[in-house]
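Just so it is clear, the model here is predicted, and its values are computed rather than measured. Labels below follow one simple rule: chain letters A, B, ... track the order of the sequence lines, proteins then strands, and each chain is numbered from 1. The analysis underlying the following values was restricted to heavy atoms, covering all of them including side chains, and did not include hydrogens, waters or symmetry mates.
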Amino acid sequence: MNEWPPPLQEIINEFKDCFDRMERYELLFEYATKLPHELQAKDWTEENRVKGCQSEAHVECTLDENGGFQLHGAADANLVQGLIAILAIGVNGLPPSEVALINPEFVDEMDVKASLTPSRANGFMNMFEMIRQTAKIMSKEV
Amino acid sequence: MNEWPPPLQEIINEFKDCFDRMERYELLFEYATKLPHELQAKDWTEENRVKGCQSEAHVECTLDENGGFQLHGAADANLVQGLIAILAIGVNGLPPSEVALINPEFVDEMDVKASLTPSRANGFMNMFEMIRQTAKIMSKEV
Amino acid sequence: MEGGQPLVYFDNAATTQKPKQVIEAMNSYYENTNSNVHRAVHTLAGEATEGYEMARTEVAAYFGAPRDHLIFTSGTTEAINLVAYGWARANLSKGDVILTTEMEHHADIVPWQILSKERGIEIRYIPLERDTLTLDMEAFEIGVQEASLVCVVHTSNVLGVRNDVERIIELSKTTGKKGSGAFVMIDAAQAAPHERINFVELGCDFMALSSHKMGGPTGIGGLFVKPEIMETMIPFISGGDMIETVTLEGSTFQKGPQKFEAGTPRIAEAFGWHASVKWLSKFDMKMVHEHVSNLAKMTAKKMSSIPGIRIYGRHDLNTCSGVVSFLHDSIHAEDLAHLLDSGGFAVRTGHHCAQPLMEALGVSSTARVSFWIYNTVEESDAFIDYLTSIVEKFG
Amino acid sequence: MEGGQPLVYFDNAATTQKPKQVIEAMNSYYENTNSNVHRAVHTLAGEATEGYEMARTEVAAYFGAPRDHLIFTSGTTEAINLVAYGWARANLSKGDVILTTEMEHHADIVPWQILSKERGIEIRYIPLERDTLTLDMEAFEIGVQEASLVCVVHTSNVLGVRNDVERIIELSKTTGKKGSGAFVMIDAAQAAPHERINFVELGCDFMALSSHKMGGPTGIGGLFVKPEIMETMIPFISGGDMIETVTLEGSTFQKGPQKFEAGTPRIAEAFGWHASVKWLSKFDMKMVHEHVSNLAKMTAKKMSSIPGIRIYGRHDLNTCSGVVSFLHDSIHAEDLAHLLDSGGFAVRTGHHCAQPLMEALGVSSTARVSFWIYNTVEESDAFIDYLTSIVEKFG
Ligand SMILES: Cc1ncc(COP(=O)(O)O)c(C=O)c1O
Ligand SMILES: Cc1ncc(COP(=O)(O)O)c(C=O)c1O
């Protein structure tokens, strides 16, 4: 069993309580609106674009004044943006070294992966890797 | 039902009396040795080569002094040479106009076609067409 | 599906489901006839060869052509590549113009772009009229006069629009290449499941299609070619079976379709495709078209009254095929497809391998439902209900 | 067969029979998962894509390679053509030498001849030693020094001889192209059914093979490529799915194997091939080789004591595969095959798509029996008896 940062664990539990896929989607849509640091469309660049997504998705990572990790992002599809939001809520403020170790399997536990296509899953994995790599570099720099 | 020249009909009957495929092959081998006008290997040319055979086969047509059709041929595989022999025995001496009308289905009646591959059957059909075409031209020239 | 929900398959333009006759024909091949073809004299090989060549005869006949007009390929894509590599490389050169359209599938764009880059052949694209969503035939009339080769999709996989291929071929032949006539390649991938095409009557030079979009198996398709044009083609994929003789100095090639079918062919697949045309022959394709087209028309009409839904296509035309592309003003196409999937509706989303067409439509993707023979009015109704509820909830 | 005679299938080098697991895997795909791949978000498409990509992972793993090393093709022939069109056209030019052998299948000759004609690249052939029926390795040692690309058959489809591919690769890498190292393509079509090949350990750059010769379906095969070399390859067959973006001005392409898999892939076939490697994984391939090789050795030995029979091959070598080529002094090979067929023995005859090798052997064709996993000593004995009776009757 994986251990998740408490805010992430909380979200996972929420998804586990859902009745069916439709309810999980509704929840994802809801999270899409709760994205902490939305990356404005004007800041979407080739650099921060997530490859392998069918839709457009962009993410950037920064450190806050306390050295805590901050994920910024946005996507044109709500389900993708919902995933970004969940990840952001789950990890924001953590030391980058911890973020670098997070396992992407939380998506399985939320049981939304079944509803991602391999190409989407791929996009998600690519996004996840972008984030982990950056966190890794940040944790060395700190 | 097709009507065949009597010598051909006789051969067909012989094949029909065979017990199995092996016996029909033995008979074909026997006919291979009875080819009336064997075309010597030195006379094998690109012109008289039958296309589409897996093995080498050659045929030429001439008219005898009475204006009767004469088939000359040879093949390196005995089963092919047997077929040429049967055809020769069946049609030699006939007026070319009659030869031009012969139907290749006698091979079905002999029940040896089942044992010819499509590529062989093809070769046989090509040979048959060569002969019929020549006979047609000859019958116009006569 | 989750909870044993029944699946409603509305992605037929991508690939159709297979009738049991097709699956059985392939099983029977593998269980009773399995053998390589063209190469041996034993009974099994004879039966396999006969079945394989019979498939050629019957598939060709289904499309109104003699068997020597049909080259088996792995699908439409390879068929068009065969025109590019086997014909265009031997018959076109710098200065020639290939005329195609904005409405094409990538399979009918990318091979020409690669050829163009390699050989300096120019590609020109007939635009889509933005208001009617049909080809700009006036632009075609002018463009064709310079064209050596015209490549047009018969029926669009996005808009469901059927092009006036008869007129396109007629114009190409009479006014193409400054009046000497242009060659014409028709991409019939989406047309074959919808109407009975007669290649010989149609009068084009090449026609490409895929078995898997007409009830047949994956892995096989075909290129129809006029025999006199086939003679001017150079080998593309080469190896065994397509040669006459091979020496260390060089090789000579077979005549006819075999010249372009190197190596062990798609034997089981040919048996399967044969079974699918046999199965399709039992239908009156006019009625199939009507059924499928009506489903599309009806669905499009009902969808357009759902708030925020926008339809891309011409479902007012009788010739429209079974495709309905759509978007919602505020729900992303990909989200739509996921949400519909959670209700058991298999709907496609994306650029449908037609990015230039997306560009012309001013979108980056659409959602698409596409119907075939076995789809029903009930399925369409259920779809409309579900879509309505999604739009209410997420729109 | 006539009279319900049982069939003894000895044409495995042409294509093998298929285990029921393979047929069932394809049926199950068509009945439960049938959908196009890579392109849609609905559940079926997801399952089809997952199965298709899982097939890549597992087939690649069976050959000791990560999944990004394997490009699916329609078979060995297309795989070698992919090397010729996709790699050689981009990386070789006039002055380069392709070194191959007299022992090759046409699939490994004709594509190079076409390339040579087009680009002025030279082909040289390592001869067969006439007395040992193996490659002249001394000639290879010299020839490889000039070679940019070495293309060698792993195991001959005529002689049953396994080449010393390890040494060939080693020499190519160390002494090829004047010491800078030559690229190596191995034709493993006949090797894959006989031994467990590890592509990564083998160390060649390209390896081509066919599913249908190892218990899998027709219509699919693969090219293994080292990833760093795959990056230097240009697109071959182009169209949908292999692109990243398409505009009217030009296109950009996917990375990895997908760049070379245009259009709807061989989906059902991938499921089938996956099932065949899964089935083969249950065997100890060393024991399979021993079984098949012993059948060949035993059969060859017994045949050679039948008057007039001449064997072509080296059945004294431990590495020999399941192939026995033979002729009779006075019975034509084709007659032999027909006569054997009438006894229910499926035996191949012809040039075996290896005319240069036939030339080297001084014959125009041979008859060939080839064994696989399911063949038995009893079948071999029955064959010997029947062949003996034929020779007595017709010899
Ligand atoms: C050694 C060898 N190479 C290549 C091939 C060609 O394989 P395929 O016909 O499956 O493309 C074969 C089979 O015929 C073969 O035996
Ligand atoms: C219009 C059109 N052309 C070409 C293709 C390509 O067909 P395939 O993927 O079977 O090669 C398709 C299908 O995707 C299509 O819809």
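For M26(D), the part lying near chain C is the side chain, with the backbone staying farther off; criterion is any non-hydrogen pair under 4.5 Å. Using a 4.5 Å cut-off between heavy atoms, E104(D) makes no contact with chain C at all. The contact between F236(D) and chain C is made by backbone and side chain atoms together, counting heavy-atom distances below 4.5 Å. Both the backbone and the side chain of L248(D) come within less than 4.5 Å of a heavy atom of chain C. Residue T245(D) touches chain C through both its backbone and its side chain, counting heavy-atom pairs closer than 4.5 Å. For I267(C), the parts lying near chain D are the backbone and the side chain together; criterion is any non-hydrogen pair under 4.5 Å. In this structure, the portions of I237(D) lying under 4.5 Å from any heavy atom of chain C include both its backbone and its side chain. Using a 4.5 Å cut-off between heavy atoms, V347(D) touches chain C through its backbone atoms (N, CA, C, O) alone.
The distance from atom SG of C353(C) to atom CG of D241(D), rounded to the nearest 0.5 Å, is 6.0 Å. With rounding to the nearest 0.5 angstrom, the OG atom of S251(C) is 8.0 Å from the CD atom of Q355(D). The CD atom of Q113(C) sits 8.5 Å away from atom CD of E249(D), with the distance rounded to the nearest 0.5 Å.
If you tally non-hydrogen atom pairs under 4.5 Å between each of Q17(C), R266(C), E31(C) and chain D, the highest count goes to Q17(C). Between chain C and the residues G219(D), A346(D), A107(D), the largest count of heavy-atom pairs under 4.5 Å involves A346(D). Between chain C and the residues A337(D), G250(D), G75(D), the largest count of heavy-atom pairs under 4.5 Å involves G250(D). Note on A84(C), P356(C), A270(C): by heavy-atom pairs under 4.5 Å with chain D, the leading option is P356(C). Annotation: maximal heavy-atom pairing with chain D below 4.5 Å, among E269(C), K18(C), K117(C), occurs at E269(C). Of the listed residues (N12(D), L82(D), N34(D), I234(D)), the one with the most heavy-atom contacts under 4.5 Å to chain C is N34(D).
Listed for the E359(C) side chain is no donor-acceptor partner under 3.5 Å among the backbone atoms of T247(D). Using modelled atom types, no side-chain atom of N27(D) and backbone atom of I23(C) make a donor-acceptor pair closer than 3.5 Å. A donor-acceptor pair under 3.5 Å is absent between the side-chain atoms of Y30(C) and the main chain of K20(D), judged by distance alone. The backbone N or O of T15(D) lies less than 3.5 Å from no partner atom in the side chain of N36(C), so there is not a single donor-acceptor pair.
Taking the side chain as every heavy atom from C-beta outward, D11(D) and H42(C) approach each other to under 4.5 Å. No side-chain heavy atom of T218(C) sits under 4.5 Å from any side-chain heavy atom of P265(D). In this structure, I114(D) and P235(C) have side chains that are in contact, with non-hydrogen atoms separated by less than 4.5 Å.
With sequence neighbours excluded, no residue forms a ring pair (Phe, Tyr, Trp, His ring centres under 6.0 Å) with H212(C). By the salt bridge (charged side-chain N to carboxylate O under 4.0 Å, His left out) test, E118(D) pairs with R89(D), sequence neighbours left out.
Here the closest non-hydrogen pair linking N81(C) and S238(D) is ND2-O, 2.8 Å. Counting all heavy atoms, side chain and backbone alike, G263(C) lies closest to T77(D) at CA-OG1, 3.3 Å.
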